[in-house]
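What follows is one structure encoded as structure tokens, with my remarks underneath.
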Amino acid sequence: MRFSDLLYFLRQIFFPNWKTKEIDEDDEPNRLVVGMRTLGKKFRSKESVGTVVSVLFHLLILFLLSLFLLPVPLRDGLGTILGGFNELPAELAKKDDAAEAEVKLEPDKPTSKDSAPQANEEKPKKTETEEVKPTPASSGQTIDAPPIEGPGETEAAPASQGPRKTTGFVDGGGFGGRTSENRARGGGLGQGDGGAGENAVEAGLAWLAAHQNKSDGSWSFDFQNSCKQCNNSGDHGSRIAATSLALLPFLGAGYTHDKPSRYRTVVEDGLAFLLHCRKFRESDNTIDYIEGLNGMYAHGLAAIVLCEAHAMSGKKLRSLRDGAQGAIDFIEKAQDQRTGGWRYKPNQSPGDLSVSGWQIMALKSAKLASLHVPQGSIYLASDFLDAVAMDGGRQYNYLPEREKFSGSGDDSQRTCSATGLLLRMYLGWEPGEKMLDEGIDLIEQSGPLRPNGTECCLYYAYYATLAMHHYGGSGWKRWSTELSDFLVRHQAKQRHEAGSWFFPDRHADTGGRLLNTSLAILILETPYRILPLYRKP
């Protein structure tokens, strides 16, 4: 279309009665000039004002109608339109986490190439004013931590009420009870036992200290370089997991790397070993402590230790803070985005309750240590607990989305239910919540020991004792007295095993006497090791 034709078209619309002299069609320049000049005159004339106003008015009407009739894209999905909310979108959570992160790893942190300690390195000398320094370690076997297993296929009772949604950790449960004053007052398990429980704790810590590898500060389940006299050594190969489990009871009793005590060097050397084993991941600025095929167990345990040590430090060391924060950041990256849980390997699906329990407790420890905890991971963890909930939330499964219990073994279902209820309390359930009240009743009825009353599964007792401790009430007093008396009575009293524990079990055998002793001490320390979530100390 020529421009002159366009002018003619506009003239017919706006000025239908417009008459001009005929112009020769072949006289193109003449026609264009005359048309432009004439059109300008008409627009300035009085008779064109009404036409222009009418056109503008109708265009406005069409624009307003389009706002109501044209479709609007659903940017947030159907759930937002219907008012439902399940979780924080992963993209938003990651953006928020990046904006809120307070700690950035230094560029000189070791990478995966230098993460493995070398046997020919010399152990550095320490002073009281220096940070914890890395120490050497020899090569070790990898860990193959087994899953919790339970008593086969058990029908789940129909749910009478769905689990209540939670959105974050409760504020309670700090480390402020780990003082010599609390311990001197008999603040441990089985209060009023004449100090027998605390004597057992000290005897157990002495046994752990005697079995530390003096060359590098680590522990090993198999006693390869630490003892040739004790029976019941384990066969787990992860020294990161063994060292973390051994350090937790010392921290629980209030022994740290920066306060004068008989175990100061023990704790300092153990922390130095863990920090030397860290692997810095340049791809996402995180740190992992994975060791072996089922390495998320080791990572979760190491993260808890570093968070607690950082929280308890009088002098805040950058190495501890960065080591702990990097481990927490890695837990976020390793979370299964489909189920919200964790498994043996990063991002493995589906998550299981055993591995997930250690990661969620690490996140809770990080919160208590004032480190950055990604809110998106907490939302997903809550969704995972919904997925493994049975019986309306009173009991819990090992794997998500199963109508029947998915494990095998005598203690697994009890352990899973105790773990699930404990994590629910960390994430906001309180006494008075119907599913929590009835779930705790089931734990109390089951008791801390096996049905025969002469044996104990310490993995179950560890989680169940924490759950009963935080819930409180008359059931807790009976529970703590029975379990304290049992542990004191069954502690080894003779020869090189004195101060340790061992209860035969298909899974405890793999961790051996070291795992049993660490868990038994942690159980005895419970009342002052972790303050109650809902009650004043």
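Computed from a predicted model, the values in this text were never measured in an experiment. Atom set for the values below is all heavy atoms of this structure, side chains included, hydrogens, waters and symmetry mates excluded.
- Between Phe223 and His211, the ring planes lie tilted relative to each other; the angle falls in the 30° to 60° range.
- Heavy atoms only, all atoms of each residue included: Leu208 and Pro249 are closest at CD1-CG, 4.0 Å.
- Taking the six-membered ring for Trp and thresholds of 30 and 60 degrees, Tyr263 and Tyr255 have ring planes more than 60 degrees apart, a perpendicular arrangement.
- Taking a cutoff of 4.0 Å between a charged side-chain nitrogen and a carboxylate oxygen, Arg478 and Glu482 do not qualify as a salt bridge.
- Remark: the backbone N or O of Arg343 is not paired with any side-chain donor or acceptor of Gln348 at under 3.5 angstrom.
- A donor-acceptor contact shorter than 3.5 Å is absent between the side chain of Gln395 and the backbone of Ser417.
- In plain terms, the two heavy atoms of Pro260 and Arg264 that are nearest each other are N-NH1, 4.1 Å.
- Listed for the Gln359 side chain is a donor-acceptor partner under 3.5 Å among the backbone atoms of Met296.
- In this structure, Thr465 and Pro448 have side chains that are not in contact, with every pair of non-hydrogen atoms separated by 4.5 Å or more.
- Of the possible polar contacts, one joining the Arg394 side chain to the Asp391 backbone as a donor-acceptor pair under 3.5 Å is found.
- Classified by interplanar angle (parallel below 30°, tilted 30° to 60°, perpendicular above 60°), the ring pair His299/Tyr289 is tilted.
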Using the rule given for side-chain contact (heavy atoms from CB on, under 4.5 Å), can you reason through Ile304 versus Leu248, listing the C-alpha separation, both sets of side-chain angles and the distance that settles it, and then say yes or no? CA-CA 8 Å; Ile304 294 173; Leu248 282 173; 3.8 Å; yes

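- Remark: side-chain polar atoms of Ser382 are not paired, donor with acceptor, to backbone N or O of Ile378 under 3.5 angstrom.
- Salt bridge absent: Lys434 and Asp437 never bring a charged side-chain N and a carboxylate O closer than 4.0 Å.
- With hydrogens and angles disregarded, a donor-acceptor distance shorter than 3.5 Å links the side chain of Asp258 to the backbone of Gly314.
- Nearest approach of Gly351 to Pro400, heavy atoms of both residues: O-CD, 3.3 Å.
- A donor-acceptor pair under 3.5 Å is absent between the side-chain atoms of Lys259 and the main chain of Ser313, judged by distance alone.
- With respect to the salt-bridge test (charged N to carboxylate O, under 4.0 angstrom), the residues Glu308 and Arg178 qualify.
- You'll find the side chain of Leu533 stays beyond 4.5 Å of the side chain of Tyr471, heavy atoms only.
- Scanning both residues, Asn182 and Gly176, for their nearest heavy atoms gives ND2-O, 4.4 Å.
- Glu291 has no carboxylate O lying under 4.0 Å from a charged side-chain N of Arg239, or vice versa, which leaves the two without a salt bridge.
- In this structure, Thr517 contributes its side chain and Trp501 its backbone to a donor-acceptor pair below 3.5 Å.
- Listed here is the closest heavy atom pair of Leu514 and Ser220: CD2-O, 3.8 Å.
- The minimum heavy-atom distance linking Thr339 with Pro350 is given by the pair CG2-CB, 3.8 Å.
- Between the side chain of Ser484 and the main chain of Thr481, no donor-acceptor pair closer than 3.5 Å is present.
- Leu423 has its side chain within reach of Met361: a pair of non-hydrogen atoms, C-beta onward, lies under 4.5 Å apart.
- A donor-acceptor pair is defined here as one N or O able to donate and one able to accept, closer than 3.5 Å; such a pair exists between the side chain of Tyr534 and the backbone of Met425.
- When side chains are defined from C-beta on, Glu525 counts as touching Val201, because their heavy atoms get closer than 4.5 Å.
- Only one option out of Tyr459, Tyr460, Phe486 pairs with Phe503 in a ring pair (Phe, Tyr, Trp, His ring centres under 6.0 Å); it is Phe486.
- Side-chain contact between Tyr297 and Ser238 is absent, with no heavy atoms from C-beta onward closer than 4.5 Å.
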Please evaluate residues Gln335 and Leu363 with respect to the criterion side-chain contact (heavy atoms from CB on, under 4.5 Å), reporting the C-alpha separation (whole Å), side-chain torsions for both, the decisive distance (0.1 Å), and the verdict. CA-CA 12 Å; Gln335 190 173 21; Leu363 295 177; over 6 Å; no

